[in-house]
Amino acid sequence: MEISNILSSTVDSRAAIMQVQNRENEFSQFQAILDRMLEEERGTIEEQERAQIRQAAEMFESYFLNMMFTQMRNVNFDEDGFIPRGNAERIFTEMLDEVISDKAAAQGGFGLADMLYAQMTRQFD
């Protein structure tokens, strides 16, 4: 058995080991990139879900406030007042109540939207 054959096979083995190690490094880098991309995708999906939950909570609070304003307006202390109330006034007050409730809910309202949002987003935390 010649020493040159042994030396060349040792060199070949080292080169093969180096290639395997390089491929393992490339694979781990590729896996890290994939993991990062998946985390970013999960993050954007979570942000979108949180935004949708926030919007739904504000819409619910707006609806609640609108129903409350409607019921408060239904209490007529002076039904046959000095100026008779017509259909146009009823439509105007309904629209006004809707706008006021939307604005109030968007600016914090009574905090109902915040409580709903906090309760529904516990799954993310």
Side-chain angles (χ1 to χ4, degrees):
M1 185 177 240
E2 289 186 27
I3 294 182
S4 63
N5 289 340
I6 295 173
L7 289 176
S8 72
S9 67
T10 305
V11 171
D12 290 340
S13 298
R14 286 184 184 166
I17 291 172
M18 291 293 284
Q19 284 180 342
V20 168
Q21 288 175 343
N22 286 339
R23 289 201 177 162
E24 285 178 355
N25 288 339
E26 290 173 0
F27 177 75
S28 63
Q29 290 173 353
F30 180 70
Q31 186 67 39
I33 291 169
L34 284 179
D35 290 342
R36 233 179 299 125
M37 288 174 62
L38 286 174
E39 286 178 23
E40 289 173 3
E41 182 66 27
R42 278 189 218 116
T44 54
I45 289 172
E46 183 179 316
E47 290 170 8
Q48 292 171 354
E49 287 178 354
R50 283 180 182 265
Q52 289 174 346
I53 290 171
R54 183 69 187 174
Q55 182 182 10
E58 286 179 3
M59 287 173 63
F60 179 80
E61 183 173 14
S62 173
Y63 179 76
F64 178 79
L65 290 173
N66 190 12
M67 295 308 298
M68 188 177 72
F69 291 146
T70 301
Q71 292 304 315
M72 287 179 1
R73 285 205 193 270
N74 284 341
V75 178
N76 291 327
F77 295 109
D78 189 19
E79 279 186 38
D80 298 325
F82 182 68
I83 300 173
R85 297 176 188 217
N87 196 31
E89 183 181 3
R90 183 186 57 79
I91 292 171
F92 174 77
T93 55
E94 286 175 3
M95 291 171 57
L96 179 66
D97 289 344
E98 187 176 329
V99 170
I100 289 172
S101 60
D102 287 344
K103 296 287 185 185
Q107 294 178 358
F110 294 125
L112 181 62
D114 294 333
M115 288 186 285
L116 286 171
Y117 176 77
Q119 185 175 5
M120 293 192 308
T121 55
R122 284 184 189 155
Q123 65 183 349
F124 296 122
D125 297 336

Can you name the side chain to side chain contact (heavy atoms under 4.5 Å, CB included) partners of [X], sequence neighbours left out?
X: Phe110; answer: Glu61, Leu65, Met68
X: Gln21; answer: Ile17, Met18
X: Phe92; answer: Leu96
X: Glu49; answer: Ile45, Phe124

Open item on the list: Within the 4.5 Å heavy-atom criterion, are Glu98 and Phe69 side-chain neighbours or not?
Closed with: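 Side-chain contact under 4.5 Å: no.
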So, using side-chain hydrogen bond (donor to acceptor under 3.5 Å, both in side chains) as the criterion, who are the partners of [X] when residues are at least two apart?
X: Glu94; answer: Arg90
X: Gln31; answer: Asp35
X: Asn25; answer: none

Open item on the list: Please determine whether the number of non-hydrogen atoms from other residues, nucleotides or ligands lying under 6.0 Å from atom CZ of Phe64 exceeds 12.
Closed with: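 At most 12 heavy atoms, drawn from other residues, nucleotides or ligands, come within 6.0 Å of this atom.
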Open item on the list: Give me each pair satisfying salt bridge (charged side-chain N to carboxylate O under 4.0 Å, His left out) with a member in residues 62-71, each pair once, sequence neighbours excluded.
Closed with: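 Those involving residues 62-71 do not exist here.
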Quick check for you: to the nearest 0.5 Å, what is the distance between [X] atom [atom1] and [Y] atom [atom2]?
X: Asp114; Y: Glu58; atom1: CG; atom2: CD; value: 8.0 Å
X: Met72; Y: Asp97; atom1: CE; atom2: CG; value: 8.0 Å
X: Leu116; Y: Arg54; atom1: CG; atom2: CZ; value: 9.5 Å

- [ ] Hey, could you give me each pair passing side-chain hydrogen bond (donor to acceptor under 3.5 Å, both in side chains) that has a residue in residues 99-108? Not counting sequence neighbours.
- [x]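 Only Ser62-Asp102 qualify under side-chain hydrogen bond (donor to acceptor under 3.5 Å, both in side chains).
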Task: For Ile91, the rest of its hydrophobic cluster, which grows through side-chain links under 4.5 angstrom - done: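 Members other than Ile91 - counting any ILVMFWY side chain reachable under 4.5 Å - are Met95.
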